[in-house]
Amino acid sequence: MKRLYAAAMLMFSLVLGFVGTAMAVHGKESGNRSFSAEHVHKNTPELTKKYAEMMGIDTEGKDTETLHKEIKEKYLKKQAEEFGINTEGKTTEQLEKEIQMVWMKNIAKQYGIQTEGKDLKTLKKEVKRARVTEQAKELGISTEGKSLKMLKREVWEAQILKHAKELGISTEGKDLRELAKEVRHTMIYRAAEKLGVETDGKSDEEIFHEIMINHGERAREMKLFPFREEKILFMEDHPGM
């Protein structure tokens, strides 16, 4: 169970610039732990089943949608218990919001953001601005007079170009979205080769999920992806989606 939990967390801890697709995530020390099995495994039911089995969920006669629901419920209850949140009589949606609020307050405090009297939406917005501003400074990008949307785009582009350079991928004449896909593809196959993961007949998504499920800790230790101590924050509005 410990290995599953670590793998599940690692799956969502890549920096924003790596992916350029639905795996684009970023945050600070921690973030929105909203479980995302529904979208990351939509086209990989075998991985959903594997997750369920590793979590001790009976998979016999259940379709993927049912397993998604049970995985999410069990995951959220585990998180709620760890945070001391009472789960009795609460829906999955209620637990998810409470967990998000705990994490968002923790992140906000790390940035020196006042949390008292603020709802989840407000805190997310303020943390998002703080995080993107921090990333921009790390990349040498000026933040003056720029909207959050513009700044996020510049950060994303800079990260894609940075990773492409590190991987020896030519950027000449390439669209940034296509370059992001190439960076992502290269990182996944490089990791698979080093970890001995079979790639024949598998999509990039399937290979990545297999790496995170079975070799997540090693992938982090070997720095095969640009891991950071962070979780999902801004996936829903990443410019590369």
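Just the heavy atoms: all of them, side chains too, but no hydrogens, waters or symmetry mates, feed the values below. Every value quoted in this text rests on a predicted model; they were computed, and no experiment measured them.
Using modelled atom types, one finds a donor on one side chain and an acceptor on the other under 3.5 Å when comparing Lys124 with Gln100.
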*Report the C-alpha separation of Lys125 and Leu148 in whole Å, then their side-chain angles, then the decisive distance to 0.1 Å, and conclude whether the side chain to side chain contact (heavy atoms under 4.5 Å, CB included) test is met.*
CA-CA 10 Å; Lys125 185 176 180 180; Leu148 181 59; 5.6 Å; no
*Could you go step by step and tell me if Met55 and Tyr75 meet the side chain to side chain contact (heavy atoms under 4.5 Å, CB included) rule?*
CA-CA 9 Å; Met55 293 181 78; Tyr75 174 86; 4.3 Å; yes
_Evaluation steps, side chain to side chain contact (heavy atoms under 4.5 Å, CB included), between Lys105 and Lys118_ = CA-CA 9 Å; Lys105 283 184 175 180; Lys118 295 177 182 176; over 6 Å; no
*Stepwise salt bridge (charged side-chain N to carboxylate O under 4.0 Å, His left out) check, Arg153 with Glu157*: CA-CA 6 Å; Arg153 180 73 192 190; Glu157 291 177 355; 3.0 Å; yes
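Within the 3.5 Å criterion, the main-chain N or O of Ser170 finds a donor-acceptor partner in the side chain of Lys174.
Legend: side-chain hydrogen bond (donor to acceptor under 3.5 Å, both in side chains) pairs involving residues 54-63, not counting sequence neighbours, sorted by first then second residue: Lys62-Glu70, Asp63-Thr66. Identified under the salt bridge (Lys or Arg N to Asp or Glu O under 4.0 Å) test for residues 158-173, with sequence neighbours left out: Lys162-Glu166.
When all heavy atoms of Ile188 and Ile207 are compared, the pair lying nearest together is CG2-CG2, 3.5 Å. Here the closest non-hydrogen pair linking Ala108 and Thr115 is CB-CG2, 3.6 Å. Between Ala192 and Thr199 the shortest heavy-atom distance is CB-CG2, 3.6 Å. The two atoms that bring Leu195 and Ala219 nearest to each other are CD1-CB, 4.3 Å, heavy atoms only. Minimum interatomic distance between Ile71 and Ala52 (heavy atoms only, all atoms of both residues): CD1-N, 3.9 Å.
Contacts of Glu198 classified as side-chain contact (heavy atoms from CB on, under 4.5 Å), with partners at least two apart in sequence or in another chain: Asp200, Lys202.
How far CG of Leu120 is from CH2 of Trp103: 14.0 Å, rounded to the nearest 0.5 Å. The distance from atom OG1 of Thr48 to atom CD of Glu53, rounded to the nearest 0.5 Å, is 11.0 Å. Atom CG in Leu67 sits 15.0 Å away from atom NZ in Lys72 (nearest 0.5 Å). With rounding to the nearest 0.5 Å, the separation of NE2 in His163 from CE in Met187 is 5.0 Å. Between the OG1 atom in Thr143 and the CZ atom in Arg129 there is a gap of 7.5 Å [rounded to 0.5 Å]. To the nearest 0.5 Å, the span separating NZ on Lys77 from OG1 on Thr92 amounts to 7.5 Å.
Counting non-hydrogen atoms of neighbouring residues, nucleotides and ligands closer than 6.0 angstrom, the CD atom of Gln94 exceeds 12 such neighbours.
Hydrophobic clustering keeps Ile160 apart from Met150 (ILVMFWY residues linked when any side-chain heavy atoms are closer than 4.5 Å, directly or through intermediates). A single hydrophobic cluster is seen to contain both Tyr111 and Leu123, as judged by linkage of ILVMFWY side chains at heavy-atom distances under 4.5 Å, directly or through other members.
With respect to Glu65 and Lys69, no salt bridge is recorded, no charged nitrogen being found less than 4.0 Å from a carboxylate O.
Proximity of Gln135 to Lys152: side-chain heavy atoms (C-beta onward) are nowhere separated by under 4.5 Å.
Here the rule is side chain to side chain contact (heavy atoms under 4.5 Å, CB included) with Glu98, and of Asn86, Ile85, Thr87 only Ile85 fits it.
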